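Structure record follows, encoded as structure tokens.
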Amino acid sequence: MNPVHLTLSESQPMPHARTAEPRATGSAHAKGILVGEHAAVYGHPAIALPILPLRTDAELRHVPGPLSLRADGISVPVTELPERFASVGVAARAALDFFDLAHDDVEIEVHSDIPPRAGLGASASAAHAIIEAVRAAADAPLSDAQRYALVQQAERVAHGNPSGIDALATRARRPLIFADGASTPVVIGAPAWFVVADTGVRASTGEAVAGVRAVVEADLPRGTALLDQLGRLTREAVTDLEHGRLSELGGRLTAAQELLDALGVGHPAIDRLVAAALAAGAVGAKLTGAGRGGCIIAMTTDAARAETVRDAMTAAGAVAGWVLAVEAG
Ligand code: PMV
């Protein structure tokens with residue numbers, strides 16, 4: 001992917017800024033990471049799955065006043081957004097600047113099904129939806145590389161040092177391998193079912209990423225070895241997926257959970273759901289995303305078992321669960 005350099009203008013609309021179309025929409029979805037999170041920040045590969053049923057929708061409208069974001073019926077000027085929404089404000093301003101659109105008299109309403117701070121890419125999905133709404137309002141093209149660079153600008157505010165996997169996976173339609181800032185589709189040799197369940201514990205991705213860095217730097221040989229092992233598991237998982245070796249793949253997911261625990265991103269609520277999934281017949285289970293809470297992902301080899309595993313995790317305290325069927329292809 002070609003690097004695209006964008007700068008976020010702190011200034012208010014430039015005199016020649018155009019006016020946005022009166023109404024435009026954009027959307028994106030959630031993602032899960034099958035394996036490779038955290039190691040991806042250190043240049044290792046990761047596998048991501050789009051979670052299409054969980055969506056973010058954004059709608060841009062002309063409303064007199066300063067550039068504002070509306071959610072849950074409340075409209076807030078981007079300059080007054082609370083810290084946890086700062087990245088979506090950056091997405092809106094960066095996209096308007098990119099298309100040379102006026103900031104004033106624009107309101108963007110955002111609706112998301114994606115639980116925030118749960119490892120499902122809510123911030124990248126929101127950034128994508130907003131950027132697409134602005135692009136549609138500008139009625140202008142946006143290359144994949146430009147779109148990625150805009151989302152990454154917002155993600156740097158949300159995460160600090162995002163690998164880019166969320167930016168790519170929250171618009172992808174098929175499972176993908178992420179490596180070196182670019183994605184390639186994964187070949188799926190046999191259908192598989194994934195169950196994503198939410199512990200209900202909210203955690204900051206930025207803090208989890210910083211925590212892993214502290215663990216790695218405190219003992220560089222050990223930290224590097226843990227990350228290398230995660231990288232190896234991910235490469236082996238790609239081959240398992242290609243050949244439809246689901247039980248081997250399941251074992252690698254559970255092994256990855258131990259490595260993530262050793263990197264300091266585990267949580268007792270994750271352990272409870274992983275244990276419940278394995279006891280109910282999942283072939284493997286681990287946290288997905290940043291960890292320290294958030295969601296877990298379990299894998300099964302048939303649809304009925306996936307429902308059983310979801311029910312078992314609900315009984316073990318999951319606050320929500322989703323079954324994803326991934327077809328061969
Ligand atoms: O933002 P989350 O929680 O979905 O996780 C992102 C994945 C990490 O590997 C932890 C961070 C990154 O930027 O790759």
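Both ligands and their constituent atoms are indexed starting at 1 by order of listing. In this text the structure is predicted, and so the values were computed from the model without any measurement.
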Polar contact flag, side-chain donor to acceptor under 3.5 angstrom, Ser143-Gln146: yes
Atom CG of Asp180 with >12 non-hydrogen neighbours under 6.0 angstrom: no
Contacts of type side-chain contact (heavy atoms from CB on, under 4.5 Å), residue Arg55, not counting sequence neighbours: Ser27, Asp57, Asp113
For Cys295, the option from Ile33, Ile51, Asp198 that meets side-chain contact (heavy atoms from CB on, under 4.5 Å): Asp198
Residue pairs involving residues 290-306 (criterion side chain to side chain donor-acceptor pair (under 3.5 Å); sequence neighbours excluded): none
Check: every ligand 1 N/O to protein N/O pair under 3.5 Å:
{"residue": "ligand 1", "atom": "1 (O)", "partner": "His159", "partner atom": "NE2", "Å": "3.1"}
{"residue": "ligand 1", "atom": "1 (O)", "partner": "Asp166", "partner atom": "OD2", "Å": "3.0"}
{"residue": "ligand 1", "atom": "1 (O)", "partner": "Thr205", "partner atom": "OG1", "Å": "3.2"}
{"residue": "ligand 1", "atom": "3 (O)", "partner": "Thr205", "partner atom": "OG1", "Å": "3.0"}
{"residue": "ligand 1", "atom": "3 (O)", "partner": "Ala290", "partner atom": "N", "Å": "3.1"}
{"residue": "ligand 1", "atom": "4 (O)", "partner": "Lys31", "partner atom": "NZ", "Å": "2.5"}
{"residue": "ligand 1", "atom": "4 (O)", "partner": "Gly119", "partner atom": "O", "Å": "3.2"}
{"residue": "ligand 1", "atom": "4 (O)", "partner": "Asp166", "partner atom": "OD2", "Å": "3.3"}
{"residue": "ligand 1", "atom": "9 (O)", "partner": "His38", "partner atom": "N", "Å": "2.8"}
{"residue": "ligand 1", "atom": "13 (O)", "partner": "Ser163", "partner atom": "N", "Å": "2.8"}
{"residue": "ligand 1", "atom": "13 (O)", "partner": "Ser163", "partner atom": "OG", "Å": "3.4"}
{"residue": "ligand 1", "atom": "14 (O)", "partner": "Ser163", "partner atom": "OG", "Å": "2.5"}

Partners meeting salt bridge (charged side-chain N to carboxylate O under 4.0 Å, His left out) with Arg310 (sequence neighbours left out): Glu307
